[in-house]
Asks: 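My structure is below; once you've seen it, I'll send some questions.
Every heavy atom of this structure was used, including side-chain atoms; hydrogens, water molecules and symmetry mates were not.
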There are 2 protein chains.
Amino acid sequence: MSTISDVARAAGVSPATVSRVFNGGRVSPERTERVRQVAAELGFSPNRVARSLRTQRASVIGLMIPDIENPFFTALARGVEDASQRTNLSVVLCNTDEDVEKEARYLDIALAEQMAGVIVAAASRRRSDFSALAERGMPVVAVDRRPRAAMVDAVMVDNQHGSDEATAHLVDRGYQRVACITGPAGASTSEERLAGYRAAMREAGAADEWIRAYTRHADFRVEGGRTAMEELLALPEPPDAVFVANNLMTVGALQALRVAGVEPPSFGILSFGDVPWASLVRPPLTTVQLPAYDLGVAAAALLQERIAGSDKPLQTVVLRTALRPRASTAGPEGE
Amino acid sequence: MSTISDVARAAGVSPATVSRVFNGGRVSPERTERVRQVAAELGFSPNRVARSLRTQRASVIGLMIPDIENPFFTALARGVEDASQRTNLSVVLCNTDEDVEKEARYLDIALAEQMAGVIVAAASRRRSDFSALAERGMPVVAVDRRPRAAMVDAVMVDNQHGSDEATAHLVDRGYQRVACITGPAGASTSEERLAGYRAAMREAGAADEWIRAYTRHADFRVEGGRTAMEELLALPEPPDAVFVANNLMTVGALQALRVAGVEPPSFGILSFGDVPWASLVRPPLTTVQLPAYDLGVAAAALLQERIAGSDKPLQTVVLRTALRPRASTAGPEGE
DNA sequence: CTGAAAGCGCTAACAG
DNA sequence: CTGTTAGCGCTTTCAG
């Protein structure tokens with residue numbers, strides 16, 4: 001592995017000149033040419049570690065996501081990756097596993113590795129803590145999940161509006177008892193989606209107590225969705241439709257329905273977020289489409305601005321969802 | 001951000017002592033205690049960039065996978081991650097997108113960032129090139145896909161055996177015309193799985209020419225699987241069963257079958273590798289289970305040995321698959 | 001436009 | 001067991 005001084009010696013110039021050639025400093029054309037030539041011959045490429053140490057900043061950004069097995073987050077990750085590639089930033093993907101400790105460990109690493117910045121889909125609304133990064137001036141962008149009171153830029157989905165619309169759709173189609181399976185109580189996404197559901201149900205005339213009885217919190221995973229659905233089906237007066245607040249829990253809910261011999265659309269089911277391999281599900285599922293990829297792109301753009309030193313006031317970008325009605329919510333008569 | 005000298009000064013010791021405290025050198029208990037104390041107060045954590053520059057090795061390893069949206073690779077990634085966490089290595093995930101250029105770019109980054117080592121599921125058997133890393137002494141472990149002639153450790157799945165067994169299972173169940181959808185011609189996994197299929201078919205008495213006519217190469221993605229299945233169904237004498245060489249193509253094949261109104265198990269279908277959300281598919285799918293997670297763990301273990309400086313001869317670890325017969329291959333009579 | 005020199009923060013000999 | 005010292009490879013003043 002040749003170094004900058006090897007190149008300098010071989011080209012008969014100073015290391016500083018070589019450095020300038022690779023960093024856009026002013027160097028005479030012929031020297032530039034010679035240095036490039038020699039560098040190519042020697043297979044030289046600048047050592048980023050040394051550069052980071054010297055400049056105190058890296059060309060790597062961290063992306064913390066809570067579940068690498070959820071297609072929503074992989075799509076988001078691709079958005080971040082694609083947008084970053086254009087700026088020559090490389091992306092380090094960290095899977096926090098919905099675990100605040102693990103997340104904290106990765107945030108420490110980001111700090112110790114002097115990463116240029118971090119994009120986080122926070123594991124917990126209350127307990128995720130970015131203050132250490134913020135204090136040391138490392139740019140942070142929150143994505144998908146809004147951490148409480150953290151002073152960072154954010155890119156969010158319009159959860160409440162999307163859920164409200166989705167729930168209203170179920171009501172419109174004639175379902176009488178629309179239940180809700182939402183995520184863990186700590187997460188902003190859970191709460192906002194629940195709030196949308198509640199708003200729509202109140203508007204449809206449901207009492208708060210009734211709503212509470214037909215609401216379940218689960219873990220945003222398949223398993224949790226299944227269990228919650230089983231509980232709802234076991235109610236004295238079971239629901240005839242369900243609004244499920246994320247994709248994986250919908251998969252679980254579908255399993256529970258199948259086991260119970262309940263078939264959409266006589267039982268309505270609507271998923272907030274695309275269900276993976278939706279094409280395998282019959283009947284086709286009504287979903288609220290989330291702009292996962294664009295969320296990633298927007299977050300990366302915001303982060304890049306900050307890395308470049310922008311001191312605009314903090315922004316929150318909100319992206320809209322889109323309701324895709326399909327057969328799974330055709331109506332209780334099973335049209 | 002406090003440095004090692006800040007801590008040294010505040011604790012009244014030398015920087016070397018602080019360093020030793022954090023790296024397991026011999027330091028008297030009371031000093032160790034004091035240093036730890038002071039470090040905690042100052043919120044000190046060692047700067048990994050400086051450490052890497054000094055020691056010429058990093059505590060980061062790269063993991064290059066061809067498709068982050070394939071659950072097989074995410075499971076593999078988790079294996080790598082879990083195994084690495086125990087050794088305090090952090091994992092950088094790079095999505096090569098089955099693209100040799102993109103892969104090469106990431107490999108360059110690995111080099112420039114002085115990563116401790118790299119685990120690669122190669123994008124191409126022929127064109128993926130690790131020689132630059134090997135030359136510079138960076139440990140590389142190939143996983144899942146065997147790059148041609150590269151002198152690296154490898155962790156593989158017993159593709160040929162698994163495919164042979166799977167195909168024989170279809171034949172045993174009474175299917176007469178078993179077709180095959182395999183992956184791109186370049187990949188070792190495609191070729192080995194195809195070889196297993198061929199061996200079983202020959203043993204069942206099929207002519208080479210017949211086998212060729214009932215074989216399709218696709219791209220390991222959903223789309224490719226669908227197209228290939230459509231082609232097979234359009235043959236003058238369509239197959240009555242198919243062996244599909246990866247999970248995503250199976251999803252595509254199922255879509256094509258559904259559109260054509262063909263239902264397993266009267267048409268047999270068997271997937272090499274677990275199909276995501278298999279529980280949504282009806283009837284339940286017969287699969288060859290792959291040890292994706294363990295593949296990751298084994299690769300990480302091998303890499304760690306090399307990073308630690310082992311100069312054992314190169315090894316190839318082969319993990320076995322397991323056939324899980326389910327209803328989708330119950331037999332042409334549709335028992 | 002170019003070179004010399006001074007570190008970034010850390011670790012690894014080497015002496016003590 | 002502890003401190004001193006000399007860099008890892010690079011960038012960035014500061015002179016020239």
Side-chain angles (χ1 to χ4, degrees), chain A residues 1-36 38-39 42-60 88 108-116 136-138, chain B residues 1-36 38-39 42-60 88 108-109 111-116 136-138 309:
Chain A
M1 198 73 196
S2 51
T3 75
I4 210 171
S5 342
D6 297 338
V7 176
R9 209 171 312 119
V13 300
S14 77
T17 300
V18 179
S19 170
R20 288 195 265 257
V21 167
F22 282 90
N23 294 283
R26 337 212 130 273
V27 181
S28 74
E30 68 259 28
R31 291 187 155 209
T32 304
E33 179 51 30
R34 194 163 70 231
V35 169
R36 288 225 127 83
V38 173
L42 268 53
F44 167 80
S45 86
N47 180 327
R48 289 195 191 202
V49 176
R51 175 183 287 173
S52 296
L53 180 58
R54 177 62 231 232
T55 60
Q56 304 288 34
R57 63 200 143 71
S59 53
V60 174
N88 269 316
D108 274 351
I109 290 178
L111 223 38
E113 295 274 3
Q114 318 263 68
M115 290 183 187
R136 296 175 199 183
M138 178 174 295
Chain B
M1 196 74 195
S2 51
T3 75
I4 209 171
S5 343
D6 297 338
V7 176
R9 209 171 311 118
V13 299
S14 77
T17 300
V18 179
S19 170
R20 287 193 268 258
V21 167
F22 282 90
N23 293 283
R26 339 211 128 274
V27 180
S28 73
E30 67 259 29
R31 287 186 163 211
T32 304
E33 178 51 30
R34 194 164 68 230
V35 169
R36 287 227 127 82
V38 173
L42 268 52
F44 166 80
S45 85
N47 180 328
R48 290 193 188 207
V49 176
R51 175 183 286 172
S52 297
L53 180 59
R54 176 62 232 232
T55 60
Q56 303 288 42
R57 63 199 144 71
S59 51
V60 174
N88 270 315
D108 274 351
I109 290 179
L111 223 38
E113 295 275 2
Q114 318 265 68
M115 289 183 188
R136 296 176 198 182
M138 179 174 296

Asks: Should A/Ser28 be listed as having a side-chain N or O under 4.0 Å from OP1 or OP2 of C/dT2?
Replies: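 Checking C/dT2 against A/Ser28, a side-chain N or O does come within under 4.0 Å of OP1 or OP2.
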
Asks: Report yes if at least one side-chain N or O of B/Thr17 is closer than 4.0 Å to OP1 or OP2 of D/dG3; otherwise report no.
Replies: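 Indeed, a polar side-chain atom of B/Thr17 lies that close.
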
Asks: Which atom pair, heavy atoms only, marks the closest approach of B/Ala11 to B/Arg34?
Replies: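 Nearest pair, atom of B/Ala11 first, then B/Arg34: O-NE, 3.0 Å.
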
Asks: Mind checking whether A/Val35 and A/Arg20 have side chains closer than 4.5 Å, heavy atoms only?
Replies: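 No, their side chains stay 4.5 Å or more apart.
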
Asks: Could you state the CZ-C1' distance from B/Arg26 to C/dA12, rounded to the nearest angstrom?
Replies: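 It works out to 15 Å between those atoms.
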
Asks: Between A/Arg36 and A/Phe44, is NZ or CZ placed under 6.0 angstrom from the six-membered ring centre and within 45° of the ring axis?
Replies: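 The answer is no, since A/Arg36 fails at least one limit relative to A/Phe44.
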
Asks: Sugar-phosphate atoms are those with a prime plus P, OP1 and OP2; base atoms are the rest. Using that split, label each nucleotide of nucleotides 8-16 of chain D B, S or - for protein heavy atoms under 4.0 Å, 5' to 3'.
Replies: BBBBBB---

Asks: Do B/Ser59 and B/Arg48 have side-chain N/O donor and acceptor atoms under 3.5 Å apart?
Replies: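 Indeed, the side chains of B/Ser59 and B/Arg48 share at least one donor-acceptor pair under 3.5 Å.
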
Asks: Would you mind reporting whether B/Thr3 and B/Asp6 have side-chain heavy atoms less than 4.5 Å apart?
Replies: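 Yes, side chains in contact.
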
Asks: Within less than 4.0 Å of OP1 or OP2 of D/dG3, is there a side-chain N or O belonging to B/Arg9?
Replies: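 So the side chain of B/Arg9 is outside the cut-off, no N or O lying under 4.0 Å from OP1 or OP2 of D/dG3.
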
Asks: Working to the nearest 0.5 angstrom, can you tell me the gap between B/Thr32 OG1 and B/Glu30 CD?
Replies: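 Interatomic distance, B/Thr32 OG1 to B/Glu30 CD, rounded to 0.5 Å: 8.0 Å.
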
